[in-house]
Structure formats: structure tokens, C-alpha cells
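As C-alpha cells, the structure follows; a few thoughts come after it.
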Amino acid sequence: MNIVIIGDGKVGSTLSSQLQKEGHDIVVIDNNQNALKNLINTQDVMCVEGNGALYEVQEEAGVPNADLVIACTSMDELNMLCCLLSKKLGAKKTIARVRDPQYFKQLNIMKEELGLSMGINPELAAATEISRIMLFPAAAKIELFAKGKVELVEFKLAAQSMLDGMSLSEVYKKYKVKVLVCAVQRDGEIYIPDGDFRLRSGDKINLTASHENIEKFFHTLGLLKDKSKTAIIVGGGKIAYYLTIALQKIGVKVKIIEKNYQRCMELSDLLPKASIIHGDGTDQDLLKEEGLEQVDAFASLTGIDEENIIMAMFASSLQVPKVAAKINRDSYAGMADMLGLESFVSPKNITANHIVSYVRAMQNSLGSNIETLYRLVDNQVEALEFIAREDGPYIGVPLKDLRLKKNLLIASIVRRRIPIIPGGNDKIEIGDSVIVVSRNQQLKDLKEILQA
């Protein structure tokens, strides 16, 4: 596919990297010459220097023949204008990054007029992810499929866990809870396990099931913790705004610490029920004074990754039950993991996953569509949700008789809103949501789960 990306910031460069690896022809527009030089040196993409909202610049970049234009500059208004112009020039699909809460509220009304295929808000997506893990503190990460009917949860197997040394088939027989372990990370290696796979303390486990069954499983293991009732957020940006709204809806008391006085005044008007503190969240004495040792949850959401990691580690050292941090640099994410920080989010990666999912859905040749895509375990594993819309070689065949590709499993089937943890005799039917977990095979269609 021919894809034009307008804006070579964090989101733009992440998108161009992922999409060119998937075999697409990428052109990037930006008016920063140095940024484009760095991009050319590190990625196999074409670059056009200039203002992406100008007719001649878009024409030079090939927008009239583009299958997709993605506008992800730092300015919402510019992104929407770029998409409007791209659609007029003949681009088939357009996506705009829209971050301002006021603009995003009215985006559905404006979509048709702007010719937008999709609007995405990285900060809202990141806040949604953090709020989920604060609701379910036992988990490090939670991803949703089938409109929330199925969850994919990551957690770490503690030392002296009752699961240590047990095979998965023994776990399923003993605890009789309908969950499926679909990926395990151990000593830097990734496994898509079968029933004979034995768990060890320290394993990072990804399991899938309905929320009810996951709660039962965690309750059985004695890992079910109370939902967060109080939270401190450091950094008063857009993620903090969206996260506070989400947490207050479920009754969580929120305190925000922000060092910019003017932003504190804005937040006081926007979030009258939250406590807004003017101060430096990196000051450990201030954090203690504001009750960090007594709260149920803490999130460090400043614009500086290093500060977020240090504050999160400090909160963890004080035994705060749930700690989350915003980390944009991929190299820092790996370091945070080694330091024991289980829950961290990257707005740029969340955005990229949403858009890559949309791009793959555009490529489908059959009637199965990608509804959701998540990258797990340092982007080495993909979890995808397909809708089986038309007849295919996998329809009506018992799963035990399907010749599935290696390092791939069918984690769940959702039929008429009811999640099924599949066994060998289960079958895929037309209309089912099918959740597939694989070792980064870049699946675009449900038929691709089968060996050639």
C-alpha cells in the first residue's frame, strides 16, 4: 500500500518504522530538515520537506494516489486540515491524530465533513490503559477484545507461587477455571505454550478469558487485590486529565501534582472534584507530605521518561499497591522492566498499534477483518481479533483438525457475546470473533493462521 505520513515526531517515526517493516511504501512529510535526515539514515522510507497542509507538498508526496494518509503533527488543527486537503486530492483513506479534549468530543460530528476515516487520541488511549490496571491491580497490563467481553492480562509469577513447576494441563485440571495461558516470557525467551509447558516462578504470563473467569483465577491464587480507591498523579498533562475523569467515574479520589502554576489553575477549572497541588513531583518529601504512602495507586505522567521511572521506583519502594509510568523511549521500557516496574504505557506505541490494525484490515482479501491488535512482550508477540465474516477453510472444522502455523494459538472465540476458551472439538463459525496469539507473524487475515 502507498501510505503518506505527515509529521515526523514520536508517533510519525514509530508508525513509519512499523509500516515499512510490513512492506508498505512510505512517504513522510515534515518541515524539519534534520528530522528527515535522521529518518532517511535509519528507515527505508521516502521523505518530502515542507508544510503538509500545502497542495504542492502533498502532490509531490503522491497523496493523490495514496491508499492512506496519516496526519500526526503536534497540532490538531493542522492534522484535520491536512486530512481535508488529502481527501480532496484523492487519497482513499485518512487518519488524524486529535489530542485536544474539546476537539475530540466533536470529532464524530466532523468526521464526514473532514473526510476522516479514523481519529485517534494517544493520550486518551494511554489513560484508558492505565485506568484498567488501576481497576485490577493484580495485573501488570490488561488489553480488551470483543468490546470488553474478553481480556488479555499480563502478570508475573511470584516466588514460591503455587503454580511453580506445574504444567498448564495440570493447572487447568486442578483449578477448573476457564482461562488460557497464551504467551510466557522467561529469561528473555518467548514461548507460545502447549499443555505440557511447565511454569516457573518469575515467568511473565499472558492469559486470556472473560473478566469474571480471570477474577476467579486470581482469587484462587490469592492474588486478587481490592480496586484502587485513592490515587496520586504526577504531571498535569492531557493523559492526567483523561485518567482523572476515568477514575472519578468509578469513585476513585484523585490528587494531581503539577509544577506549572498556570496549568494547575486550568486543571482546577476542568476537574473541580480533584485535588490539584502546585509543586514538583520529583520532590520525595512533597510526595510523602501529600500521602503517597497511604494511596492505592500512583502514576508518573510527566514529559520526561527518566523522571517518571525514578518517581515510579520511589512509589514502589513505599509499597504503593499499583504503580504506573509513562515511558516513550523503547530502550527505557526495557530498562524499567529490568528494574521491576511492571506497568508502563507508551502513547506512541498504543497509537501505532491502533493504526497498524486499521492498515491490516484495509488489506484483507477475504471477509475476515482485524478488529483489534496488541503487541505484547516487547513487541515480539501479537494478539489479534478477527471477525469471521465469510466462509473459509477454517469454518466448521474442529480446531484439532486445523493445521495451524507454529508459534500460534487460538486464544478465544466469542460467539453471540459469549466467550469460549476453545478446546480441540470447538469450531469457528461465521460471525465469530476469533482471538489469535502469534509470534509476530504479521497476520492480515484469518485464513493466514493455517499452514500453506
Side-chain angles (χ1 to χ4, degrees), residues 127-164 166-185 193 195 199 201 203-231 243 246-253 295-299 319-324 342-345 372 374 376-377 383 385 409-423 426 433 435 437:
T128 302
E129 189 163 319
I130 296 170
S131 67
R132 284 203 295 264
I133 60 177
M134 287 185 175
L135 274 172
F136 197 14
K141 291 180 183 175
I142 302 173
E143 314 291 7
L144 301 183
F145 297 93
K147 297 179 181 176
K149 297 291 185 294
V150 175
E151 295 182 352
L152 194 151
V153 172
E154 178 186 299
F155 75 103
K156 191 171 184 178
L157 214 58
Q160 285 135 21
S161 167
M162 61 179 73
L163 301 184
D164 185 26
M166 292 181 69
S167 71
L168 292 180
S169 57
E170 290 170 347
V171 172
Y172 301 145
K173 284 176 186 174
K174 180 174 181 178
Y175 296 108
K176 295 181 173 58
V177 180
K178 295 180 180 179
V179 300
L180 182 71
V181 176
C182 50
V184 178
Q185 182 181 10
L199 299 172
S201 293
D203 285 350
K204 266 193 175 178
I205 296 172
N206 287 271
L207 59 86
T208 183
S210 66
H211 179 77
E212 185 180 291
N213 282 321
I214 287 175
E215 278 202 342
K216 284 181 184 176
F217 183 67
F218 276 82
H219 180 73
T220 302
L221 298 180
L223 297 175
L224 197 61
K225 301 175 185 175
D226 291 336
K227 295 174 183 177
S228 302
K229 295 177 183 176
T230 54
L243 178 57
L247 293 177
Q248 287 181 337
K249 283 180 180 176
I250 53 174
V252 179
K253 292 182 180 178
V295 296
D296 301 317
F298 174 82
Q319 307 299 314
V320 176
K322 191 74 233 178
V323 176
E342 294 181 351
S343 300
F344 45 86
V345 297
T372 316
Y374 295 111
L376 315 169
V377 199
E385 177 188 353
L409 60 78
I410 295 174
S412 184
I413 297 170
V414 181
R415 182 173 300 145
R416 292 183 285 278
R417 300 185 177 183
I418 298 173
I420 300 166
I421 297 299
D426 286 302
S433 288
I435 297 156
V437 175

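Numbers here simply count residues along the sequence, with the first being 1.
Judged as a salt bridge (Lys or Arg N to Asp or Glu O under 4.0 Å), the pairs with a partner in residues 152-164 (not counting sequence neighbours) are, in order, Glu154-Lys204.
Partners of Arg132 by salt bridge (Lys or Arg N to Asp or Glu O under 4.0 Å), not counting sequence neighbours, listed by chain and number: Glu143. Partners of Phe344 under the ring-ring contact (aromatic ring centres under 6.0 Å, His included) rule, at least two apart in sequence or in another chain, do not exist in this structure. For Phe218, the ring-ring contact (aromatic ring centres under 6.0 Å, His included) partners at least two apart in sequence or on another chain are Phe136, Phe155. Partners of Ala209 according to the side chain to side chain contact (heavy atoms under 4.5 Å, CB included) rule, which considers only residues two or more places apart in sequence or in another chain, are Val179, Asn213, Ile214, Ile421. Residues passing the side chain to side chain contact (heavy atoms under 4.5 Å, CB included) test with Ala127 are Ile239, Tyr242, Leu243, sequence neighbours excluded. With sequence neighbours excluded, no residue forms a side chain to side chain donor-acceptor pair (under 3.5 Å) with Lys216. Legend: residues meeting side chain to side chain donor-acceptor pair (under 3.5 Å) with Ser169, ordered by chain and number and at least two apart, are Ser167. Remark: Ser433 engages Glu385 in a side chain to side chain donor-acceptor pair (under 3.5 Å) (not counting sequence neighbours). For Ala297, the side chain to side chain contact (heavy atoms under 4.5 Å, CB included) test picks out Met134, Ser228, Ala231, Lys322, with sequence neighbours left out. Evaluation of the salt bridge (Lys or Arg N to Asp or Glu O under 4.0 Å) rule for Asp203 yields Arg186 as partners, not counting sequence neighbours. Glu215 meets the side chain to side chain donor-acceptor pair (under 3.5 Å) test with His211; sequence neighbours excluded.
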